[in-house]
Student: 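Would you mind keeping the following structure in view while I ask a few things?
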2 protein chains.
Amino acid sequence: MARFTAGELEVMRILWEHGELKPAEIQRHFPRPIKNAALRSYLTILLQKGHLARRSKGKAFYYRPKTRRESTFRAMLGELVDTFCGGSSEALLCHLLAKEKLSTEELLELQRMAQQPPTSL
Amino acid sequence: MARFTAGELEVMRILWEHGELKPAEIQRHFPRPIKNAALRSYLTILLQKGHLARRSKGKAFYYRPKTRRESTFRAMLGELVDTFCGGSSEALLCHLLAKEKLSTEELLELQRMAQQPPTSL
DNA sequence: AACAATCTGTAGAATTTTCTGCACGTCCTC
DNA sequence: GAGGACGTGCAGAAAATTCTACAGATTGTT
């Protein structure tokens, strides 16, 4: 469903953050130097795959995400969990908790935050 | 560092689980039908990239992981966090806690588990 | 109208990923 | 030692990904 190549993800990331941009603007936000035409080939593919929509505005086309950031995140996290945690998020949680070395207090605070729907992630 | 294509990851996953296998065995564990030679081209690439080692045993070569499962997991999780959580694991934690809808008791149990080093993930 | 700046479309090259076919080598059995 | 089962190596095809080059369209300015 929501599988992206590295380049495609770079584009989506920028559009998720900024909402609606034309190619030259995306190019400016790109995390590495990239030629305008190279960038546009990403856009064309993402359009074809249905992950982006665009509309004409002034002289240029403006692109915006059609695939939601949140659902992409869930899909990718799910794959990671499948591959490395045998499908259970528990092991992932466990790993994160260990890595973050959270105190009981911080943990409870997190839990409180987590129970306020919805997360704006 | 530890970037894998989809196919490479399928191979690594099997070898992480089983330790040391010859091509025909990996082929049998593969999650989809794949020809022996197609599989071997993955092995050759993974060898070149240094993610696998192999040794001759009997008539065949046996392959085993050189890149550790745990470090790959950390790297991929890190990328995910960078892309979707602005680099902080907190948001990821928050998301997981919300999704898992854990009770305070379960949470504390998880925390207890997490503080027993090391996780065998 | 002429010009520059900016944007589009398209054709295709280079590279990587994924897969196929086939020739040859080794081991076992008859 | 002939044949079959099973393995390797390699050459390269097919498809996807990433990138380049260029021709032409649109907008704004003089």
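In what follows, chains are A, B, ... by sequence order, proteins preceding strands, each numbered from 1.
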Student: Quick one: Lys57(B) NZ to dG7(D) P, roughly how many Å, whole number?
Tutor: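 From Lys57(B) NZ to dG7(D) P: 13 Å.
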Student: Mapping Ala37(A) and Lys49(B) to their closest nucleotides on DNA chain C, which lands nearer the 5' end?
Tutor: Ala37(A)
Student: Please report the distance, rounded to the nearest Å, between CZ in Phe4(B) and P in dT16(C).
Tutor: 17 Å
Student: Both Lys59(A) and Ala38(A) contact DNA chain D. Taking the nearest nucleotide for each, which residue is further toward the 5' end?
Tutor: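 Of the two residues, Ala38(A) wins.
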Student: Verify whether one side chain among Tyr62(B) and Arg55(B) offers a donor that lies under 3.5 Å from an acceptor in the other.
Tutor: no
Student: Roughly how many Å is it from CG in Asn36(B) to P in dG9(D), rounded to a whole number?
Tutor: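 It is 12 Å, rounded to the nearest whole Å.
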Student: Nearest to the side chain of Arg32(B), heavy atoms from C-beta on, is which of dC7(C), dC19(C), dT18(D)?
Tutor: dC19(C)
Student: Is Arg13(B) salt-bridged to Glu17(B), cutoff N-O under 4.0 Å?
Tutor: no
Student: If you measure from CG on Leu39(B) to NE2 on His29(B), what distance do you get to the nearest 0.5 Å?
Tutor: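 Going from the CG atom of Leu39(B) to the NE2 atom of His29(B) covers 12.5 Å.
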Student: When you measure from the side-chain N and O atoms of Thr5(B) to the phosphate of dT16(C), is any distance below 4.0 Å, counting only OP1 and OP2?
Tutor: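 For Thr5(B), the contact criterion (side-chain N or O under 4.0 Å from OP1 or OP2 of dT16(C)) is not met.
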Student: Taking atom C1' of dC19(D) as reference, at what distance in whole Å does atom CZ of Arg40(A) sit?
Tutor: 12 Å
Student: To the nearest Å, how far apart are Ile45(A) CD1 and dG9(C) C1'?
Tutor: 15 Å
Student: Quickly work out the Leu21(B) CG to dG7(D) P distance and round it to whole Å.
Tutor: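 Atom-to-atom, Leu21(B) to dG7(D), this comes out as 12 Å.
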